[in-house]
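Working notes, structure below.
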Amino acid sequence: MTLDRAQGLAESARALSAGEVTSRLLVEQTLARIAATQDTLNAFRIVRTEAALAEAEAADRELAAGVRKPLLGVPVAVKDDMDVAGEPTAFGCAGTHPAVAADGEAVRRLRAAGAVIVGKTNTCELGQWPFTEGPAFGATRNPWNTEHTPGGSSGGSAAAVAAGLVPAALGSDGAGSVRIPASWTHLVGVKPQRGRISTWPRGESFQGITVNGTLARTVADAALLLDAASGNHDLDPHRPPAIDASAAVGRDPGRLRIALSLTPPFTAVSARLAPEVRVRVVELAARLADLGHEVEEADPPYGRIGLTFVPRATAGIAEWVAEAPFPDLLDPRTRGAARLGRLLAGAPLRAARRAEEVLHRRIGAFFTSYDVVLAPTTATPPPRIGAMMHLGGFATDRAIIAACPYAWPWNVLGWPGVNVPAGFTPAGLPVGAQLLGPAHSEPLLLSLAAQLEAELRWHESRPPETATAETPAV
């Protein structure tokens with residue numbers, strides 16, 4: 001295994017189990033790749049050098065003793081909104097944050113599967129925006145073109161996986177924050193069913209719209225990490241029935257009825273699908289038809305679903321801001337969103353939560369006619385670094401809606417979605433498409449994504465190695 005790029009998650013686990021490589025070597029190579037790119041990509045907020053090497057040596061002792069676990073000794077990364085014992089959880093915010101005492105449930109389960117947590121990846125402030133920039137840590141850059149953002153808010157995880165620093169990583173998705181950066185970095189990004197991967201110590205993150213998910217270069221690796229991280233804390237309010245994501249990857253999805261949905265859901269301001277994104281998504285629809293699926297244009301009956309999203313999102317921001325140790329250092333846009341969240345936290349929030357059941361029935365009925373929705377993940381290719389960083393609050397909201405109007409409805413619904421790479425713009429920037437399904441449909445979505453991957457071989461495309469050394473992170 002070479003220093004320049006990480007091997008896949010499943011391949012690393014297999015090589016470790018077979019004794020072809022040690023965990024210490026894999027972790028040393030991972031740390032070297034991170035160090036070599038931190039000045040350019042800036043994917044990590046925290047690198048656990050000493051702790052990760054110690055954990056690797058412990059994994060090697062277990063391997064030598066015949067112990068076998070799904071990810072024993074494999075290096076992975078997690079987003080810096082997840083608690084890792086002994087490390088701070090800054091969640092993109094400035095200031096010196098205290099170390100937390102215990103792992104969050106998702107991290108605990110990764111450790112139980114044997115994974116070595118090499119570090120915590122950058123995210124924008126409280127995960128609000130589809131870019132990963134801020135005064136606390138600078139700008140995280142896209143390995144495909146360092147003049148552009150990898151997206152957000154799981155941009156650090158996406159950049160780390162796309163550049164081959166780690167084979168896979170956890171992110172979180174509250175309005176597309178796994179799927180959007182996966183789209184803009186040519187990755188598979190899985191937003192699972194609400195509760196599939198615990199968000200504990202918060203039973204409901206951002207009033208239930210945020211879930212933890214996985215980023216990887218292949219469907220099999222994304223599914224393997226999903227299986228390893230899945231499960232619940234005893235006090236979790238959402239406990240979906242267990243699935244075997246990895247088994248679904250090798251399963252024939254059958255002949256499916258697929259709705260191609262190109263119309264953005266209801267938003268307060270207009271959004272337009274960029275032609276260079278539209279053509280790639282339509283080409284993907286044609287590939288699905290060639291594979292034997294029935295594809296036709298149809299849009300889910302979203303209605304005014306956006307009215308239910310805003311109270312939940314802003315109330316969630318207000319909850320985090322109330323706990324922030326350095327509120328004066330927060331972005332003015334964050335403080336403005338928190339003020340709105342406090343205003344909406346009463347009757348509007350209760351009404352938004354009640355509306356979810358109505359939406360489940362109405363949009364669920366759509367799935368009596370279709371099995372899967374295919375939609376753009378974003379309306380535009382990845383913006384340039386800094387394009388949204390210094391805008392005011394309303395201008396930022398307009399820019400976000402213009403770029404990313406497609407992902408957030410599935411956060412309101414709590415249902416699964418999978419970003420798959422759809423190709424590249426004429427300028428060489430990655431774009432993606434979402435496979436969206438009803439409740440508990442991860443196995444179907446993963447089997448369909450794997451069928452597409454076998455046809456398109458997107459995992460064979462890698463960003464140019466020179467891209468990581470062209471532009472400093474500032």
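Predicted, not measured: the structure shown is a model, and the values here were computed from it.
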Subject >> Atom of Ala407, atom of Ala175 and distance for their closest heavy-atom approach >> reply: CB-O, 3.6 Å

Subject >> Exam field: side chain Glu442 to backbone Pro416, donor-acceptor pair closer than 3.5 Å >> reply: no

Subject >> Validation row: Val76, Val118 side chains within 4.5 angstrom (heavy atoms) >> reply: no

Subject >> Counterpart residues, side chain to side chain contact (heavy atoms under 4.5 Å, CB included), relative to Ala182 (two or more places apart) >> reply: Leu187, Leu215, Asn419

Original post:
For the residue pair His186 and Trp458, is the inter-centroid distance of their aromatic rings smaller than 6.0 Å?
Top reply: no

**OP:** Give a yes or no answer on whether the side chain of Arg141 reaches the backbone of Leu41 with a donor-acceptor pair at less than 3.5 Å.
**Re:** no

Subject >> Distance, nearest 0.5 Å, that separates NE2 of His440 from CD of Gln193 >> reply: 4.5 Å

Original post:
Do the side chains of Val249 and Ser447 get nearer than 4.5 Å, heavy atoms only?
Top reply: no

Subject >> Check: Arg5 side chain, Leu165 main-chain N or O, donor-acceptor pair, under 3.5 Å >> reply: no

Original post:
Taking NZ, NE, NH1 and NH2 as the nitrogens, is one of them in Arg457 or Glu453 under 4.0 Å from a carboxylate oxygen of the other?
Top reply: no

Subject >> Side-chain donor/acceptor of Gln434 to backbone N/O of Pro376, under 3.5 Å >> reply: yes

Original post:
Does the pair Leu110 and Leu170 meet the rule for a side chain to side chain contact (heavy atoms under 4.5 Å, CB included), with working shown?
Top reply: CA-CA 10 Å; Leu110 284 185; Leu170 286 185; 3.6 Å; yes

Original post:
Given side chains that start at C-beta, do those of Pro150 and Phe131 come closer than 4.5 Å, heavy atoms only?
Top reply: no

Original post:
So do the side chains of Leu226 and Arg196 get within less than 4.5 Å of each other, counting heavy atoms only?
Top reply: yes

Original post:
Would you call Gln451 and His293 a side-chain contact if the rule is heavy atoms closer than 4.5 Å?
Top reply: yes

**OP:** Hey, could you give me the CH2/CD1 distance between Trp408 and Ile180, rounded to the nearest 0.5 Å?
**Re:** 12.0 Å

Original post:
Hey, mind stepping through Asp236 and Ser198 against side-chain hydrogen bond (donor to acceptor under 3.5 Å, both in side chains) and telling me if it holds?
Top reply: CA-CA 7 Å; Asp236 274 336; Ser198 176; 2.8 Å; yes

**OP:** Give a yes-or-no answer on whether the side chains of Arg179 and Asn411 include a donor-acceptor pair shorter than 3.5 Å.
**Re:** yes

Original post:
Got more than 12 heavy atoms from elsewhere within 6.0 Å of CZ, Arg462?
Top reply: yes

Original post:
What are the two closest non-hydrogen atoms of Val295 and Ala285, and how far apart are they?
Top reply: CG2-O, 3.9 Å

Original post:
Closest approach of Pro143 and Ala162, non-hydrogen atoms and distance?
Top reply: CG-CB, 4.0 Å

**OP:** Mark yes or no for whether Thr30, through its side chain, and Leu26, through its backbone, hold a donor-acceptor pair below 3.5 Å.
**Re:** yes

Subject >> Heavy-atom neighbours of Arg257 CZ exceed 12 at 6.0 Å >> reply: yes

**OP:** Could you check Ser17 against Arg14 for side-chain hydrogen bond (donor to acceptor under 3.5 Å, both in side chains), going step by step and ending with a plain yes or no?
**Re:** CA-CA 5 Å; Ser17 180; Arg14 184 208 62 76; over 6 Å; no

Original post:
Is atom CD of Glu357 surrounded by more than 12 heavy atoms (other residues, nucleotides or ligands) closer than 6.0 Å?
Top reply: no

Original post:
Which heavy atom in Cys404 sits nearest to a heavy atom in Thr378, and how many Å separate them?
Top reply: SG-CG2, 4.2 Å

Original post:
Parallel, tilted or perpendicular: which fits the ring planes of Phe91 and Phe206, with parallel below 30° and perpendicular above 60°?
Top reply: perpendicular

Subject >> Test of ring centre spacing under 6.0 Å for His360 and Trp415 >> reply: yes

Subject >> Tyr302 and Trp410 aromatic ring geometry - parallel, tilted or perpendicular at 30°/60° bounds >> reply: perpendicular

Original post:
What's the verdict on side-chain hydrogen bond (donor to acceptor under 3.5 Å, both in side chains) for Thr149 and Trp184, showing C-alpha distance, side-chain angles and the deciding distance?
Top reply: CA-CA 8 Å; Thr149 181; Trp184 284 345; over 6 Å; no

Original post:
Any side-chain heavy atom of Val178 within less than 4.5 Å of one from Val190?
Top reply: no

Original post:
Are any side-chain N or O atoms of Arg362 and backbone N or O atoms of Pro301, one a donor and one an acceptor, separated by less than 3.5 Å?
Top reply: yes

Original post:
Between Glu125 and Thr334, does any side-chain donor sit less than 3.5 Å from a side-chain acceptor?
Top reply: yes

Subject >> Point-to-point distance, once rounded to the nearest 0.5 Å, from OG1 of Thr396 to CG of Leu391 >> reply: 4.5 Å

Subject >> Intermediate values then yes/no, side chain to side chain contact (heavy atoms under 4.5 Å, CB included), Val166 and Thr121 >> reply: CA-CA 11 Å; Val166 291; Thr121 57; over 6 Å; no

**OP:** Side-chain contact test, heavy atoms from C-beta onward, threshold under 4.5 Å: evaluate it for Leu16 versus Val74 and give yes or no.
**Re:** yes

Original post:
Does a side-chain N-to-carboxylate-O contact under 4.0 Å join Arg353 and Glu204?
Top reply: yes

Original post:
Sub-3.5 Å donor-acceptor pair from the side chain of Thr199 to the main-chain atoms of Arg202, do we have one?
Top reply: yes

**OP:** Spell out, as yes or no, whether a donor-acceptor pair under 3.5 Å connects the side chain of Trp144 to the backbone of Thr185.
**Re:** yes

**OP:** Look only at the side chain of Asn232 and the backbone of Gly195, and say whether a donor-acceptor pair between them is shorter than 3.5 Å.
**Re:** yes

**OP:** Could you tell me whether Arg304 atom CZ has more than 12 heavy atoms of other residues or ligands within 6.0 Å of it?
**Re:** no

Subject >> Distance in Å, Leu288 CG paired with Leu256 CG, rounded so as to fall on 0.5 Å steps >> reply: 8.5 Å

Subject >> Pairing of Arg194 and Glu356 as salt bridge, 4.0 angstrom limit >> reply: yes

**OP:** Evaluate side chain to side chain contact (heavy atoms under 4.5 Å, CB included) for Arg108 paired with Arg111, printing each intermediate quantity in order.
**Re:** CA-CA 5 Å; Arg108 188 191 73 78; Arg111 289 194 195 276; 5.8 Å; no

Original post:
Is there side-chain contact between Phe44 and Asn122, with heavy atoms separated by less than 4.5 Å?
Top reply: no

Original post:
Do Glu296 and Tyr370 have side-chain N/O donor and acceptor atoms under 3.5 Å apart?
Top reply: yes

Subject >> Pairwise distance CG(Leu224) to CD(Glu11) - rounded to 0.5 angstrom >> reply: 12.0 Å

Original post:
Atom CD1 in Ile34, atom CG in Asn42: separation rounded to 0.5 Å?
Top reply: 12.0 Å

Subject >> Ser261 and Asp299 side chains, donor-acceptor separation under 3.5 Å >> reply: yes

Original post:
Counting distance only, does the side-chain N/O of Arg312 pair as donor-acceptor with the main-chain N or O of Gln207 below 3.5 Å?
Top reply: yes

**OP:** List the steps, then state whether side chain to side chain contact (heavy atoms under 4.5 Å, CB included) holds for Leu9 with Leu71.
**Re:** CA-CA 8 Å; Leu9 194 72; Leu71 297 179; 3.8 Å; yes

**OP:** Applying side chain to side chain donor-acceptor pair (under 3.5 Å) between Asp81 and each of Ser153, Ser154, Ser177, Ser172, report the one that passes.
**Re:** Ser172

Original post:
Given Asp80 and Lys120, is the salt bridge (Lys or Arg N to Asp or Glu O under 4.0 Å) satisfied, shown in steps?
Top reply: CA-CA 5 Å; Asp80 192 28; Lys120 303 185 73 180; 2.8 Å; yes

Original post:
Is the shortest side-chain N to carboxylate O distance from Glu276 to Arg280 below 4.0 Å?
Top reply: no

